[in-house]
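All remarks here apply to the structure that follows.
All residue numbers in this chain count up from 1 along the given sequence. A quick note: this is a predicted structure, and the numbers were derived from the prediction, not measured. When a ligand or atom number is given, it counts from 1 through the structure's own listing order.
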Amino acid sequence: MAIAALFRRVAKTQKFIPLFIPPNHGKPFKHHPFYARSVTTPAEAVVGFDEMVSGSHRKYYMLGGKGGVGKTSCAAALAVKFANHGHPTIVVSTDPAHSLSDSFAQDLSGGTLVPVEGMESPLFALEVNPEKAKEEFRAASQKTGGTGVKDFMYGLGLGTLADQLGELKLEALLDTPPPGFDEAIAISQVMQFVESQAYSSFTRIVFDTAPTGHTLRLLSLPDFLDASIGKLMKLKEKLASATSAMRSLLGKQDAQQDNSHKLEQLRERMVKVRDLFRDSYRTEFIIVTIPTVMAAHESSRLLASLRKEGVPVQRLIVNQILPPAASNCKFCEMKRKDQNRALDIIQKDPELGSLSTIQSPLFDVEITGVPALKFMGELLWR
Ligand SMILES: Nc1ncnc2c1ncn2[C@@H]1O[C@H](COP(=O)(O)OP(=O)(O)OP(=O)(O)O)[C@@H](O)[C@H]1O
């Protein structure tokens with residue numbers, strides 16, 4: 001199909017018309033230079049969108065990479081395409097600096113599932129509010145392992161145990177959370193949410209994750225938190241037997257059990273997050289990058305870390321590639337050469353070179369709103 005026909009088809013129901021559409025000289029659309037190219041890798045093991053869309057079991061796609069490379073745009077375009085292919089889909093932002101609302105050009109904030117307007121098929125968005133999620137965690141842990149419990153324990157003459165709890169530094173962790181902590185809590189909250197029966201019909205969950213550094217720290221965080229919370233739970237058990245008589249005497253048993261239960265739930269969710277990240281049947285992490293040397297190196301480090309953590313990665317999107325020359329623009333020529341150098345580095349990189357690479361063009365208009373995302377999805381996800 002000629003690119004002009006595709007534009008007409010997309011623009012008929014939606015109002016998105018980029019200004020710059022390079023001519024296609026009568027060639028089939030799939031040969032158009034503006035069309036995202038899938039650069040095949042050695043074994044051609046990874047197939048395209050057909051494989052991503054097939055199957056009715058739930059799949060999670062996590063898009064991550066350096067800041068500003070187009071993670072949100074690519075994630076939103078993927079979610080639109082999944083929805084239009086019949087998958088009830090949720091697109092989730094766990095980046096503390098959300099841009100999903102900007103990408104869809106509508107208000108998706110509030111920390112709850114919001115239907116995306118202008119879609120032909122159901123698509124929901126969720127911008128997780130990390131502050132709110134953190135507060136929930138703080139409330140549960142403080143009541144159970146923080147000052148509330150400590151005071152209570154001292155009151156019972158169990159000061160030594162209280163000091164041991166203090167060594168866990170859980171409160172310090174909450175007051176000065178390490179980078180990635182917010183996101184870990186946010187993802188765990190999403191897990192609780194999407195695993196509830198009411199949302200079981202959603203078969204594709206697309207995550208727009210925070211920039212690289214956060215993602216890397218996030219990967220090791222569930223283990224750390226799991227260990228911390230695990231220790232806390234053990235102490236809780238010791239405490240429970242030592243003080244059960246006192247607690248019932250003071251009438252606090254129900255509240256204690258309730259808090260303990262909440263903390264245990266959080267711990268379980270953390271373990272689920274960790275397992276989900278490593279499950280190649282359910283999850284794929286897709287790295288988004290741009291054709292610059294700096295971005296290539298950062299992506300290579302990200303991939304090495306993801307592999308070390310056992311996270312399944314098969315695809316790399318190289319976004320914002322300049323379309324072929326349509327004029328004698330000197331600047332464009334230089335930029336194109338520069339991009340080619342970076343593309344060469346990507347291809348020869350021992351880590352990145354093993355991935356199936358999807359090249360996505362640099363558009364001459366900003367990709368915002370459903371019609372634009374739909375158009376981008378048509379080019380990118382094939
Ligand atoms: N292929 C493209 N062509 C033109 N503009 C693009 C392209 N991809 C993304 N952009 C634009 O680049 C900007 C950043 O994109 P986006 O928000 O998707 O990046 P991000 O990686 O999610 O950023 P952040 O790390 O800040 O969350 C946006 O203005 C977006 O419209």
>> I'd like to check L343 versus I321 (side-chain heavy atoms, cut-off strictly below 4.5 Å). Are they in contact?
In response: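 Of all side-chain heavy-atom pairs linking I321 with L343, at least one is under 4.5 Å.
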> Mind checking whether V370 and Q106 have side chains closer than 4.5 Å, heavy atoms only?
Replying inline: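 Side chain of V370 against side chain of Q106, heavy atoms only: contact under 4.5 Å found.
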>> According to ring pair (Phe, Tyr, Trp, His ring centres under 6.0 Å), who are the partners of F331, at least two apart in sequence or on a separate chain?
In response: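 Counting only residues at least two positions away or on another chain, F331 forms no ring pair (Phe, Tyr, Trp, His ring centres under 6.0 Å).
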>> Regarding D344 and R341, does a basic nitrogen lie under 4.0 Å from an acidic carboxylate oxygen?
In response: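 Salt bridge absent between D344 and R341.
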> So, R315 and E284, do they make that salt bridge, N to O below 4.0 Å?
Replying inline: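 Yes, this pair counts.
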Looking only at distances, can you tell me whether any N or O atom of [X], backbone or side chain, sits closer than 3.5 Å to an N or O atom of ligand 1?
| X | answer |
| --- | --- |
| G67 | no |
| T72 | yes |
| M376 | no |
| F363 | yes |

> Do the rings of Y281 and H57 sit parallel, tilted or perpendicular, given the 30° and 60° boundaries?
Replying inline: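 Geometry flag for H57 against Y281: parallel rings.
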> Parallel, tilted or perpendicular: which describes the rings of F202 and F124, with under 30° parallel and over 60° perpendicular?
Replying inline: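 Rings of F202 and F124: perpendicular, over 60°.
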> Do you see a donor-acceptor pair shorter than 3.5 Å between the side chains of T72 and S103?
Replying inline: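 Distance-only check fails for T72 and S103.
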Proximal ligand 1 atoms for [X], defined as those under 4.0 Å from one of its heavy atoms:
| X | result |
| --- | --- |
| L362 | 3 (N), 4 (C) |
| S73 | 9 (C), 15 (O), 16 (P), 18 (O), 30 (C) |
| I367 | 31 (O) |
| P361 | 1 (N), 2 (C), 3 (N) |

For [atom], state which one of [options] supplies the nearest heavy atom.
| atom | options | result |
| --- | --- | --- |
| atom 6 (C) of ligand 1 | K66, Q320, K71 | Q320 |
| atom 7 (C) of ligand 1 | N319, L100, D208 | N319 |
| atom 24 (P) of ligand 1 | S99, A77, A75, G68 | G68 |

>> Applying a heavy-atom cut-off of 4.0 Å, say which part of C74 lies close to ligand 1: side chain, backbone, both or neither.
In response: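 It is neither part, as no heavy atom is under 4.0 Å.
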